[in-house]
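Remarks on the structure that follows.
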Amino acid sequence: MFATWKIAVPVVLALGVATAAQAEEAVRGTFTGASDHVTTGGVQIVRTSGGGAVVILEDDFSLDGAPDPRVGLGKDGSYVEASDLGALGELTGLQAFVVPASVNVDDFNEVYIWCKKFSVPLGVAALQ
């Protein structure tokens, strides 16, 4: 439903958000592994000039592997299933996920890499 970086990055660029430094507002975090998985690298949520938001897994992102990894949001240690942004496209590198208008990023303070098959976190990044 939501595209990974191969489609979304051009969309992000078209919306006028080339980097977090150029964005009006961005929050960042760094992944730590969970459920005996190794998840590393940076993530940011960037607000677009049109009022939307994009979750960007940075170049240094890496996951050691798992069945059905997804990207989503959570708050205070709890993943919120309704925030699912789509399947992880690759285990490493730059990827972007457009946040649907129905999801208010202000309601969340974490980004999750979530295993849908086993309902466990694979990595969590607290946002600052």
**Study point:** Linked, directly or transitively: F97 and L63 (ILVMFWY side chains, under 4.5 Å)
**Key:** yes

Revision key, fill the gap. Contacts satisfying ring-ring contact (aromatic ring centres under 6.0 Å, His included) that involve residues 39-70 (not counting sequence neighbours) are F31-F61

Exercise for review: With sequence neighbours left out, write down each residue that passes side-chain hydrogen bond (donor to acceptor under 3.5 Å, both in side chains) with N104, or none if nothing qualifies.
Suggested key: none

Check your understanding: According to the salt bridge (charged side-chain N to carboxylate O under 4.0 Å, His left out) rule, which pairs have a member within residues 92-106, sequence neighbours left out?
Key -> R47-D106

Practice item. Look at the side chain of Q95 and the backbone N and O of E90, then say whether any donor-acceptor pair between them is shorter than 3.5 Å. Key: yes

**Study point:** Atom of S35, atom of V120 and distance for their closest heavy-atom approach
**Key:** OG-CB, 3.6 Å

Check your understanding: Between D60 and G42, which heavy-atom pair has the shortest distance, and what is it?
Key -> OD1-N, 2.9 Å

Check your understanding: salt bridge (charged side-chain N to carboxylate O under 4.0 Å, His left out): which pairs involve residues 65-74, sequence neighbours left out?
Key -> R70-D84

Review point. Does F108 belong to the same Ile/Leu/Val/Met/Phe/Trp/Tyr cluster as L88, with side-chain heavy atoms less than 4.5 Å apart forming each link?
Key: yes

Review point. With sequence neighbours excluded, what pairs up with Y79 under the ring pair (Phe, Tyr, Trp, His ring centres under 6.0 Å) test?
Key: Y112, W114

Practice item. Say whether V103 and L57 are linked into one hydrophobic cluster, either directly or through other cluster members, by side-chain heavy-atom distances under 4.5 angstrom. Key: yes

**Study point:** For A125 against G29, the heavy-atom pair lying closest together
**Key:** CB-C, 4.2 Å

Exercise for review: List the atom of Q44, the atom of V46, and the distance in Å for their closest heavy-atom pair.
Suggested key: OE1-CG2, 3.5 Å

Check your understanding: Under the salt bridge (charged side-chain N to carboxylate O under 4.0 Å, His left out) rule, what pairs show up with a residue in residues 110-120, not counting sequence neighbours?
Key -> none

Practice item. Check the hydrophobic clustering (I, L, V, M, F, W, Y; side-chain heavy atoms under 4.5 Å; chains of links allowed) and say if I113 and L127 are grouped together. Key: yes

Practice item. Nearest 0.5 Å please: distance from the CG atom of L122 over to the CG atom of D36. Key: 11.0 Å

Check your understanding: Mind checking whether V55 and L73 have side chains closer than 4.5 Å, heavy atoms only?
Key -> yes

Study note, to complete from the structure: So NE2 of H37 and OG1 of T32: to nearest 0.5 Å the spacing works out to 13.5 Å

